[in-house]
Each structure stands twice: as structure tokens, then as C-alpha cells.
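The structure under discussion appears below in the form of C-alpha cells.
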Amino acid sequence: MLKTVSLIILFSNLALAHAWAGVPQVKVLIGKSLKDVVVHGIDLRQNIPAKKIYRQFEGQKTVNFSCRLNSHVQLPERDQMIASVTSPTGLVGWENKRFRGELQLVAGPKAAAEGCNLVNLISMEHYISSLLAKEMRSDWPVEALKAQAVVARSFALLKMKEQTLDLNNWHLESSEKDQVSGSFHDTTESTDRAARETQGEVLVDQNKKPVMGFFHSKCGGKTFKPEQVWSNPVAGYESVDCPFCHKHGMKNWDNTLAKSHLANLLGKTLSRYGDKPIKISPDALTFVPDTESKTDLRFYAGNQMHVLKKSHLRNIAGREIFPSINFKLISQAHGVSIKGQGFGHGVGMCQLGAFELARRGYGYREIIQHYFPNHGVRKIW
Ligand SMILES: [Zn+2]
């Protein structure tokens, strides 16, 4: 009986391996500037290519790596994998988490001062499954998870292409800088299903070429085009209405700043994104009337009019003051009131909008069609 069970497991694993043939492996940065790395797992296999060391450990083992590198050691000019660990179980542990795939220790020119980085080499579909619980919630309707899987896969694929010329030995960070992914423990039947049922599907433009997939937490009523938030346009992106997210997540927000505080933030923003340092006196500050739909902020400092992107002001001031760029500033006697809605950069798919659409019975392709009206979905592996 036991033999039959293990045979079934073996066959189902083989079927899975076959189904996922051709799936790219993505390198995800999971730990930065580490002095010591302790990994654990069953029957671990350790590879240190530079020293031609290959070891196999039996049973449950812990392997220690020291990244307290001596500054006299010749360090590589660009990031290099210096050691890797795998397990025939498919899972390797680090800290209190377990990761599918391989863990790689990466060192670069600054390793003596900063330590090593830890990278997880993982199948794209396993990566997507672990991400769904972090970027959404694993108990959300599966059609919302599937929409997220397609958009996040598109983001990861384009990042992989961008990073091939980069000095880093990874494609994306597991952080808000790129996308937050989790570990094996974060995956569930539902996240695995959402990845599997959209396997290899990415957003494409009208020439069927994959395009970058952006998403955010809550748009607050309308999404923005990439060029309204950052500098570069991305072909095909539209600003679309989203009457779906308002009942969920963060309520409309309202902050008040002293005029001197805001003058300081505006000066810093203009200095950071402009050609020369600018100091703004709070007494000389007058705002041109503002609305939420305007992505630029206009104001006078004395007789000089300035224009800046609200997203740049948000980058300088932080998300505590400006949770999104969907806000308006209103001058008051003793300060400036900021009234806004939504959370995040506002470009691409609104996650809480996708949640509501899935709750109302829409499929993932319809959700994607709403937020990306000029794009299609194509299966590329
Ligand atoms: Zn929305």
C-alpha cells in the first residue's frame, strides 16, 4: 500500500515536471548584506564552484556560510554566485522559512564591507504562487489571484529581460521596490491553482510582445498612466475609471501640514528632480487651485511659478503623508490640508478593484481587460 502511494506521488511529480517544462527560472533577492548565512534542510547538496567543492549531507542538516570576507581577498568586479545549496526534497530552509528551488550566496565588489546577498533561484510559477499571498491574500477569490498572477508574471518577465545587462546577479528583489514574494509556507492550494491555471500567461501589446505589468493596492476611483507618475510612458497603458475599490481597504484620508513643513518638502522635491537647489519660503507660497485628477502640482513661490509631479512630492515626503497621488491640496489659514483617496502609485491594475470584480463574478481575463483595455493576454510557456 505504501509503495503504491509513493508511486503515485512519483508519477504526479513527473507529470508536474513535464507540465512545467520550459518555465523560466527567476533569481529573486531574498536577503541583503548578510554577514552569516545559515541554511538548513534534508540531504542538502552544497556547491562552491571556485573551490571545486561539492558536498552532500545526509539527513536533516544545517550549513553555515560566513560572509565576513577579508578586505585583502580579491573580490569579483561584479556580483557572482559563490555557493549554492539544493535539496532533493525541492525545499531549502533559511531563517524560519523554506524556499522552493535553490539558494545562492552572491558576493560582489563591496562584499568585504557589506557582506553577501542571498538569492533564491526558483521556477517562475512557484515564484508567482508565493507572491500571490503577499501581494494579495491567499483567501481572495481565485479569479482575482489569477489576474494578479498574469500581471505579476509580466512584471517579473520584463525585469528578467532588463537585468541581463545589469551588474546584479538577480532579476528582482522581494520587496516593495519590485514585488513582494513569500516562501513555500505562504503558498496554498489556491495560490498554486491561480499560478497553474494561468501558466505562462503574460500581458502583451498589439504586436503580441510582452509588456510590463504594473499594479497597486487601491486607486481610489481612477488609475493613472505610467507617464503621469514616473517619467517614461509605457505603450498601451490607459487611465481607467474604477468604481469598484472605494468600499475596500484604506478609507479616504485627510492630513494637514504646516505651511513651513510643506514649503520645505516642495523645495526638496524641486531640488531633487530639477536642475538646481531651490529653497522656498513659506510666506511666499501660493497654490494654484488643485484637484485629485491633476497629477501635477502648480504653485507660486513669490512671482515664480513651479510645476512638479505629485508622485515626486510623494517620493520625498513619504507614504505616511501621501498614501497615494490621488489627492488635492487646499490652502487654509494655518496650514495646508491634503485630501486624498487610494493607496499606492495608481498605475495598472487596482488590486482592491480586482477583488471586487472577482467577487461580482468576473473572470480574470475580464478583470485584466478592464485595467489594460489596449493589452491582450498571451501564453508564452
Ligand atoms: Zn480602484
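Because the structure is predicted, anything quoted here is derived from the model rather than measured. Order of appearance sets the numbers: ligands from 1, and atoms from 1 within every ligand.
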(message) Under 3.5 Å, is there a donor on one side chain and an acceptor on the other for Glu102 and Gln104?
(response) yes
(message) So that I can tick it off, tell me whether Lys32 and Glu173 are bridged by a salt bridge, with the cut-off set at under 4.0 angstrom between side-chain N and carboxylate O.
(response) yes
(request) Sort by chain and number the protein N/O/S atoms that are closer than 2.8 Å to the Zn ion (ligand 1), and list them. (result) Cys219 SG, Cys242 SG, Cys245 SG, Cys350 SG
(request) Report the C-alpha distance between Leu352 and Phe343 in whole Å, list the side-chain angles of each, state the deciding distance to 0.1 Å, and finish with yes or no for side-chain contact (heavy atoms from CB on, under 4.5 Å). (result) CA-CA 10 Å; Leu352 285 164; Phe343 186 75; over 6 Å; no
(message) Any donor-acceptor pair under 3.5 Å linking the side-chain atoms of Arg153 with those of Thr198?
(response) yes
(message) Show me the pairs that pass salt bridge (Lys or Arg N to Asp or Glu O under 4.0 Å) and involve residues 133-142, at least two apart or across chains.
(response) Arg137-Asp139
(message) SG to SG below 2.5 angstrom is the rule I want applied to Cys245 and Cys219. Does it hold?
(response) no
